[in-house]
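Take a look at the structure set out below.
If you read the sequence from its start, that first residue is 1, and numbering goes on from there. A quick note: this is a predicted structure, and the numbers were derived from the prediction, not measured.
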Amino acid sequence: MPRWITLLTAAVLIASCGGGDASTVVLEQTDTGSEVTLDVGDRVAVRLEANPTTGYDWVLGPLPDGIVLVSSDFEEPGSSLVGAPGTQTFVFDVVAAGAGILRLEYIRPFDDLPVADKIVEYLLTIAD
């Protein structure tokens, strides 16, 4: 095998291994109020029950320093029952040290004065 292919293969393998220390932390509504310690490079997935057919939607508050939103996806219910809730998943990358509160409110954004039906908060501490 030519030497450049061997070097390229080794470089790809090393890059795909990463630091090995990063992890994904999954938070749910029952974890509200939890203190969560994270490291730079970690990923956070917040999974919340949602039913957009009711007009309600999970809305993010200001993000704490050190995390960025990567994606927000809705997973349809696993049931064919009318009105069955699905799951809204927010994924964040931890990019810098810091601390703060990750807050989400389940509201109907079109109301004149939206009042949260549900609120979840996670107290984040991010170490280098």
Item to complete: Give the ring-plane orientation class for Y56 versus Y106, where under 30° counts as parallel, over 60° as perpendicular and anything between as tilted.
Response: parallel
If you look only at distance, which donor and acceptor atoms sit under 3.5 Å apart when one is on a side chain in residues 120-128 and the other is two or more places apart or in another chain?
| from | atom 1 | to | atom 2 | distance (Å) |
| --- | --- | --- | --- | --- |
| E121 | OE2 | R103 | NH1 | 2.5 |
| Y122 | OH | E28 | O | 2.9 |

Close side-chain approach of [X] to [Y], heavy-atom, < 4.5 Å:
{"X": "V46", "Y": "L104", "answer": "yes"}
{"X": "Q29", "Y": "K118", "answer": "yes"}
{"X": "L63", "Y": "L102", "answer": "yes"}

Practice prompt. Mind checking salt bridge (charged side-chain N to carboxylate O under 4.0 Å, His left out) for D117 and listing every partner two or more places apart, or none if nothing turns up?
Written response: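 Once residues adjacent in sequence are excluded, D117 has no partner under the salt bridge (charged side-chain N to carboxylate O under 4.0 Å, His left out) criterion.
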Worksheet item: Do L69 and I67 share a hydrophobic cluster, counting only Ile, Leu, Val, Met, Phe, Trp and Tyr and linking them when any side-chain heavy atoms are less than 4.5 Å apart?
Response: yes
Worksheet item: Should V91 and L48 be counted in the same cluster of Ile, Leu, Val, Met, Phe, Trp and Tyr side chains packed under 4.5 Å apart?
Response: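 Shared cluster, no.
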Do you know which two heavy atoms are closest between [X] and [Y], and how far apart they sit?
{"X": "P77", "Y": "P85", "result": "CB-O, 3.2 Å"}
{"X": "S23", "Y": "D42", "result": "N-OD1, 3.0 Å"}
{"X": "V44", "Y": "V94", "result": "CG2-CG2, 4.1 Å"}
{"X": "I107", "Y": "P114", "result": "CD1-CB, 4.0 Å"}

Worksheet item: Which residue pairs pass the side chain to side chain donor-acceptor pair (under 3.5 Å) test with at least one member in residues 62-78, sequence neighbours excluded?
Response: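 Matches after skipping sequence neighbours: S72-Q88.
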Worksheet entry | Among V70, L60, L27, L38, the one residue meeting side chain to side chain contact (heavy atoms under 4.5 Å, CB included) with F92 |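 The residue from V70, L60, L27, L38 that satisfies side chain to side chain contact (heavy atoms under 4.5 Å, CB included) with F92 turns out to be L60.
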Discussion item. Could you check whether any side-chain N or O of W58 sits under 3.5 Å from a backbone N or O of E49, counting only pairs where one atom can act as donor and the other as acceptor?
Written reply: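 Yes, the answer is positive, given that a donor and an acceptor are paired below the 3.5 Å cut-off.
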Discussion item. Other members of the hydrophobic cluster containing L113, with the 4.5 Å side-chain heavy-atom rule, please.
Written reply: none
Worksheet item: Who are the side-chain hydrogen bond (donor to acceptor under 3.5 Å, both in side chains) partners of D31, not counting sequence neighbours?
Response: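 Not a single residue meets the side-chain hydrogen bond (donor to acceptor under 3.5 Å, both in side chains) criterion with D31.
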Worksheet entry | side-chain hydrogen bond (donor to acceptor under 3.5 Å, both in side chains) involving T32 - partner list, sequence neighbours excluded | none
